[in-house]
**Student:** 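I have a structure I would like to understand better, so I am pasting it below and will then ask my questions one at a time.
Quick note: residue numbers are just sequence positions, from 1. Atoms within a ligand are numbered from 1 in the order they appear, just like the ligands themselves. Basis for what follows: all heavy atoms, side chains included, without hydrogens, waters or symmetry-related copies. In this text, all values refer to a predicted model and were calculated from it rather than measured experimentally.
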Amino acid sequence: MLVKRIVRSCILLLVLCLCAGCGEQSDVKRSDIVLDTAVTLTARGEDAQAAIDESMARIRNIDNMVNPNVPDSDVSKLSQNAGTGKWVPLQPETYKMLAVAQDYARKTNGAFDVTTKPLVDLWGIGTDHAKVPTPAELSEAQKKVGWQKLELNEGTHSARLVQKGMGVDLGGIAKGFAVDEVRKIYARYGIKDGLINLGSSSMYALGVNQEGQPWRIGLRHPRKEDAQEKMAILPLENEALSTSGDYERFFEANGTRYHHILDPRTGWPAMSGAMSVTIVAADRVKDGGMLTDILTTAVFVLGPEQGARFLRGQDGIEGAITDGRYQLWTTGNMATDLLEVSPDFHFWQESGENL
Ligand code: ADP
Ligand code: MG
């Protein structure tokens with residue numbers, strides 16, 4: 001009897017050890033600066049290292065297409081040929097980003113507009129020559145902005161900017177696009193769990209974390225200097241997430257915060273009332289990374305009220321918008337999904353009463 005029990009215990013112990021052994025695959029992680037941001041890729045699985053290495057190379061490759069400082073990048077070629085009438089043949093990746101960008105420029109009435117580049121350059125926010133431009137400089141730059149002046153030719157995968165001095169800036173879309181591309185590479189390598197993180201700005205949470213739980217994504221508090229201070233925690237599992245905030249790149253002059261999300265219609269940093277916008281796309285949403293990246297910028301420009309209304313019409317998409325009065329505007333299930341919400345914030349209520 002005793003022998004039987006010992007044997008049974010030994011078998012149980014062996015099974016437990018084996019299980020622990022197979023569950024012990026640890027996360028592989030690599031960080032690098034690409035696309036002007038701190039990229040951290042995490043993956044679990046037999047081919048995690050290979051998947052991460054290929055993904056980093058892919059992001060670098062995308063950077064070479066959209067970087068205005070690379071002389072033969074697609075965006076450089078578009079600027080160089082602006083106003084000449086010449087069509088510029090593009091890499092399929094750049095063409096896709098521009099096509100989707102134009103679609104959302106139309107849908108948001110120009111709140112999202114990749115031709116904002118002359119204004120981005122003029123303000124120089126995030127550079128050492130940031131300044132408030134003169135009204136004359138602003139109106140001169142604004143003449144060179146307008147999504148209707150970017151023409152695309154689907155048959156030849158080419159594009160042209162109709163006016164000299166125009167340019168495109170893919171800073172509000174390329175990181176999200178890259179997230180989707182890495183997601184595809186992970187799938188090809190059979191990676192089921194991992195975290196694709198481009199500067200906390202655009203991310204994809206694949207499967208579960210090392211504890212077998214949904215990934216816990218900390219949303220930064222928009223008014224705390226310490227980036228570790230959170231506004232809330234959002235658990236994610238097979239979802240894409242992007243955040244845009246006025247705290248990412250800005251300078252202050254005369255008590256005003258001038259940040260990097262511009263309203264192409266006024267030429268000024270968007271003063272829509274929003275401080276930050278976080279958007280999540282369900283796994284079924286095609287190009288979820290790119291879409292959330294576009295939408296966070298667009299919704300920031302539209303402001304909390306119009307932005308939330310716009311989001312409610314998007315399938316598989318939910319968002320959280322913070323405004324200057326520390327109100328949290330949410331769509332979809334976001335209000336219940338958010339955990340550990342900072343007491344600095346309160347949920348905005350449709351009735352107008354704020355709790
Ligand atoms: P982040 O780069 O921090 O993720 P966003 O996704 O909001 O921020 O993108 C902001 C960037 O997009 C700016 O730095 C600029 O390059 C570009 N941009 C600024 N305003 C607009 C706009 N209205 N539409 C499209 N792109 C914009
Ligand atoms: Mg973004």
Side-chain angles (χ1 to χ4, degrees), residues 33-39 59 62-63 66-69 75 79 97-98 100-127 130 141-142 145-148 150 166-180 196-204 219-220 222 227 240-251 258-272 274-281 287-303 306-307 310 319 321-322:
I33 303 283
V34 206
L35 277 174
D36 208 14
T37 201
V39 175
I59 303 174
I62 294 166
D63 192 4
V66 303
N67 194 330
N69 301 318
V75 303
S79 302
M97 281 185 254
L98 290 179
V100 180
Q102 290 296 77
D103 185 26
Y104 278 85
R106 204 171 300 116
K107 286 177 177 158
T108 61
N109 250 325
F112 187 82
D113 186 342
V114 289
T115 72
T116 308
K117 186 171 192 312
L119 286 165
V120 173
D121 292 344
L122 178 63
W123 282 90
I125 292 164
T127 70
Q142 256 195 302
V145 174
W147 61 274
Q148 292 95 337
L150 163 62
M166 287 184 75
V168 296
D169 179 326
L170 299 179
I173 180 169
K175 290 195 282 285
F177 177 84
V179 164
D180 294 331
I196 303 161
N197 183 353
L198 275 68
S200 297
S201 166
S202 285
M203 319 174 75
Y204 189 91
L219 306 184
R220 189 174 159 181
L241 169 143
S242 290
T243 296
S244 286
D246 65 4
Y247 50 81
E248 281 292 340
R249 293 180 199 188
F250 67 94
F251 70 97
Y258 298 101
H259 58 79
H260 71 315
I261 304 165
L262 304 178
D263 187 335
R265 300 160 303 184
T266 64
W268 287 76
M271 290 170 192
S272 62
M275 294 197 290
S276 66
V277 179
T278 294
I279 294 176
V280 171
D287 304 321
M290 175 166 55
L291 213 56
T292 55
D293 199 3
I294 292 175
L295 288 173
T296 51
T297 309
V299 166
F300 193 102
V301 174
L302 291 172
Q306 242 187 294
F310 185 79
I321 307 164
T322 62

**Student:** Taking N or O atoms only and a 3.5 Å limit, does L262 qualify as a polar contact for ligand 1?
**Tutor:**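 Yes - when backbone and side-chain N and O of L262 are compared with those of ligand 1, one distance drops under 3.5 Å.
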
**Student:** Which residue owns the protein heavy atom closest to atom 4 (O) of ligand 1, what's the atom, and how far is it?
**Tutor:**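 The answer is S201 OG, 2.4 Å.
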
**Student:** As an exercise, identify every atom of ligand 1 less than 4.0 angstrom from a heavy atom of P264.
**Tutor:**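 So the answer, numbered in order with elements, is 23 (N).
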
**Student:** May I ask you to list the atoms of ligand 1 that are less than 4.0 angstrom from any heavy atom of F112?
**Tutor:**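 Numbered from 1, ligand 1 contributes 24 (N), 25 (C).
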
**Student:** Suppose we only allow N, O or S atoms; which atom of D293 ends up nearest to the Mg ion (ligand 2)?
**Tutor:** OD1

**Student:** Has the side chain of S272 got a donor or acceptor atom that lies under 3.5 Å from a matching backbone atom of L302?
**Tutor:**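 Side chain of S272 to backbone of L302, a donor-acceptor pair under 3.5 Å: no, none is there.
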
**Student:** So, S242 side chain and I279 main chain: donor-acceptor pair closer than 3.5 Å or not?
**Tutor:**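 Answer holds: no.
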
**Student:** For atom 2 (O) of ligand 1, which protein heavy atom lies nearest, and how many Å away is it?
**Tutor:**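 Looking only at protein heavy atoms, the one closest to atom 2 (O) of ligand 1 is K175 NZ, 2.8 Å.
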
**Student:** Identify, for atom 27 (C) of ligand 1, the protein heavy atom at the shortest distance, and state residue, atom and that distance.
**Tutor:**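 Checking every protein heavy atom, the shortest distance to atom 27 (C) of ligand 1 gives T297 CG2, 4.1 Å.
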
**Student:** Among all protein heavy atoms, pick the one closest to atom 15 (C) of ligand 1 and tell me residue, atom and distance.
**Tutor:**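 Answer, as residue, atom name and distance: D169 OD2, 3.7 Å.
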
**Student:** If the plane angle is over 60° it's perpendicular, under 30° parallel, otherwise tilted; pick one for Y104 and F310.
**Tutor:** perpendicular

**Student:** Any atom of ligand 1 sitting under 4.0 Å from a heavy atom of A111?
**Tutor:** yes

**Student:** H259 vs F300 aromatic rings, parallel, tilted or perpendicular, using cut-offs 30° and 60°?
**Tutor:**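 The rings of H259 and F300 stand perpendicular, inter-plane angle above 60°.
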
**Student:** Looking at D293, which atoms of ligand 1 are within less than 4.0 Å of one of its heavy atoms?
**Tutor:** 6 (O)

**Student:** Please state which protein non-hydrogen atom is closest to atom 7 (O) of ligand 1 and give its distance, to 0.1 Å?
**Tutor:** S244 OG, 2.6 Å

**Student:** Among all protein heavy atoms in this structure, tell me which lies nearest to atom 9 (O) of ligand 1, with the distance rounded to 0.1 Å.
**Tutor:**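 Among all protein heavy atoms, the one nearest atom 9 (O) of ligand 1 is G172 CA, 3.4 Å.
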
**Student:** Is the backbone of L150 close enough, under 3.5 Å, to the side chain of Q102 for a donor and an acceptor to pair up by distance?
**Tutor:**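 Confirmed, Q102 side chain pairs with L150 backbone.
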
**Student:** Closest non-hydrogen protein atom to atom 3 (O) of ligand 1, residue and atom name please, with distance?
**Tutor:**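 For atom 3 (O) of ligand 1, the nearest protein heavy atom comes out as H260 NE2, 3.3 Å.
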
**Student:** Check D113 against ligand 1 and report side chain, backbone, both or neither, counting heavy atoms closer than 4.0 Å.
**Tutor:**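 It is the backbone that gets close, since no side chain atom is under 4.0 Å.
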
